[in-house]
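In what follows, a structure is listed as structure tokens, so that the remarks can point back to it.
What you see below is based on every heavy atom in this structure, not just the backbone, and it leaves out hydrogens, waters and symmetry mates. Just so it is clear, the structure is predicted and the values come from calculations on it, not from any experiment. When a ligand or atom number is given, it counts from 1 through the structure's own listing order.
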Amino acid sequence: MMAGEAPELSAQERAGKAFPVSWDQFHRDCRALTWRLNEVGPFHAVIAITRGGLVPAAIVARELGVRVIDTVCIASYDHTKQGDLQVLKGISDQAMKLGGGTGKGLLIVDDLVDTGKTGKLVREMLPDAHFATVYAKPKGRPLVDTFITEVSQDTWIFFPWDTALSYHPPLRDGAA
Ligand SMILES: O=P(O)(O)OC[C@H]1O[C@H](OP(=O)(O)OP(=O)(O)O)[C@H](O)[C@@H]1O
Ligand SMILES: Nc1nc2[nH]cnc2c(=O)[nH]1
Ligand SMILES: [Mg+2]
């Protein structure tokens, strides 16, 4: 860092507000998402954007009775800093065939869209697929066909698989 230059903030630091989500809440939100998707389908297969999309994909696929599940493996955030997107594994030939080469009848699932970079890359791979996320921030929202809850761009969502219960001091000093 040069003298006088502001330190680079991570996405989480830029997003000042915390939105912690419990397993219960996440399950309920995934089921609510499925209610909406049930009106759009049927789908030949679910494509989960790993890793965050794996949990909602399992719940949605269970509710919709879809048993063909594929992954597209993308790495971009190193904890909370987003770097270049890397496709570590593409969509399988079998899933591509089910979607007629363009993704028609396929359901892409991720936990959230933030900047929309991840979603945009997968949409380019499957332009005719339906893209669903549980949560959406305003920048990524136009990319998503169906989502449940919108949170502001300056919110950081904490998922249950990334968090643990811990002691929280009382609001008032010395109250402990
Ligand atoms: O809209 P964007 O700004 O691209 O961000 C959204 C993506 O970021 C998170 O994944 P991450 O890259 O952290 O990987 P993970 O799913 O393996 O945790 C999240 O699960 C989305 O896939
Ligand atoms: N856990 C988590 N990962 C993200 N990746 C991009 N935005 C977010 C967010 O708000 N929460
Ligand atoms: Mg992800």
Side-chain angles (χ1 to χ4, degrees), residues 7-34 36-37 43 45-63 66 69-92 95-96 99 103 106-127 129-166 168:
E8 199 191 327
L9 295 178
S10 70
Q12 186 182 332
E13 285 160 339
R14 284 197 307 275
K17 294 180 218 154
F19 181 74
V21 181
S22 67
W23 283 111
D24 255 22
Q25 182 67 48
F26 192 74
H27 199 176
R28 264 196 302 274
D29 289 342
C30 287
R31 283 203 169 125
L33 182 66
T34 315
R36 293 200 184 152
L37 294 171
F43 299 104
V46 169
I47 315 292
I49 305 180
T50 74
R51 293 157 305 174
L54 287 167
V55 183
I59 297 166
V60 165
R62 187 265 178 190
E63 297 297 334
V66 178
I69 300 171
D70 194 14
T71 54
V72 54
C73 305
I74 298 185
S76 73
Y77 284 85
D78 176 10
H79 186 35
T80 58
K81 277 209 174 94
Q82 192 171 32
D84 292 336
L85 268 64
Q86 281 182 64
V87 181
L88 304 173
K89 177 204 158 286
I91 297 145
S92 71
M96 269 297 191
L106 301 187
L107 174 65
I108 306 165
V109 175
D110 206 351
D111 51 0
L112 66 95
V113 276
D114 186 322
T115 62
K117 283 186 195 168
T118 307
K120 185 165 178 280
L121 188 65
V122 180
R123 286 225 84 133
E124 281 164 6
M125 297 173 188
L126 298 169
H130 190 92
F131 182 30
T133 65
V134 189
Y135 306 112
K137 299 190 193 179
K139 271 193 196 164
R141 193 187 149 158
L143 283 161
V144 185
D145 297 305
T146 308
F147 68 94
I148 286 299
T149 303
E150 179 165 353
V151 301
S152 63
Q153 200 66 43
D154 64 349
T155 293
W156 188 262
I157 301 167
F158 287 95
F159 289 107
W161 51 88
D162 283 332
T163 52
L165 283 178
S166 65
H168 191 273

Next on the checklist: Is there a polar contact, in the sense of an N or O pair closer than 3.5 Å, between A75 and ligand 1?
Outcome noted: no
Next on the checklist: Any non-hydrogen side-chain atom of V60 less than 4.5 Å from a side-chain atom of L107?
Outcome noted: yes
Checklist entry - Have Y135 and D114 got a donor and an acceptor in their side chains that come within less than 3.5 Å? => result no
Next on the checklist: side-chain hydrogen bond (donor to acceptor under 3.5 Å, both in side chains) for S152 and D154? Distances and angles first, verdict last.
Outcome noted: CA-CA 5 Å; S152 63; D154 64 349; 2.6 Å; yes
Checklist entry - Measuring from L33:CG to T133:OG1, what's the distance to the nearest 0.5 Å? => result 7.5 Å
Checklist entry - Considering only heavy atoms of K137, which atoms of ligand 2 have at least one such atom less than 4.0 Å away? => result 7 (N), 9 (C), 10 (O)
Item to check | K137 vs W156 side-chain heavy atoms within contact, under 4.5 Å | outcome: yes
Next on the checklist: Heavy atoms only, cut-off 4.0 Å: how does T115 contact ligand 1, side chain, backbone, both, or neither?
Outcome noted: both
Checklist entry - Which ligand 1 atoms does G52 reach within 4.0 Å, using its non-hydrogen atoms? => result 15 (P), 16 (O)
Checklist entry - Is there a donor-acceptor contact under 3.5 Å linking the side chains of T71 and K89? => result yes
Checklist entry - Heavy atom of G116 under 4.0 Å from ligand 1? => result yes
Item to check | Atoms in ligand 1 with a heavy atom of D111 nearer than 4.0 Å | outcome: 19 (C), 20 (O), 21 (C)
Checklist entry - Short question: side chain of E63, backbone of R31 - any donor-acceptor pair under 3.5 Å? => result no
Item to check | Atoms of ligand 2, numbered as shown, that sit under 4.0 Å from any heavy atom of D114 | outcome: 6 (C), 7 (N), 8 (C)
Next on the checklist: Taking 4.0 Å as the limit for heavy-atom contacts, which would you say applies to T115 with ligand 2: side chain only, backbone only, both, or neither?
Outcome noted: neither
Checklist entry - Where does T50 meet ligand 1, judged by heavy-atom distances below 4.0 Å: at the side chain, the backbone, both, or neither? => result backbone
Checklist outcome for this item: For V113, the atoms of ligand 1 under 4.0 Å from one of its heavy atoms are 1 (O)
Next on the checklist: Let's go through W161 and F26 carefully: what are the C-alpha distance in whole Å and the side-chain angles of both, what is the deciding distance for ring pair (Phe, Tyr, Trp, His ring centres under 6.0 Å) to 0.1 Å, and is it a yes or a no?
Outcome noted: CA-CA 11 Å; W161 51 88; F26 192 74; 5.2 Å; yes
Checklist entry - Of all the atoms in ligand 2, which lie at a distance below 4.0 Å from a heavy atom belonging to F159? => result 1 (N)
Next on the checklist: Just to check, does S76 reach to within less than 4.0 Å of ligand 1 when the distance is taken from its heavy atoms?
Outcome noted: yes
Checklist entry - Can you tell if the side chain of I49 reaches within under 4.5 Å of the side chain of T118, non-hydrogen atoms only? => result yes
Checklist entry - For ligand 1, does D110 get within less than 4.0 Å through its side chain, its backbone, both, or neither, judged by non-hydrogen atoms? => result side chain
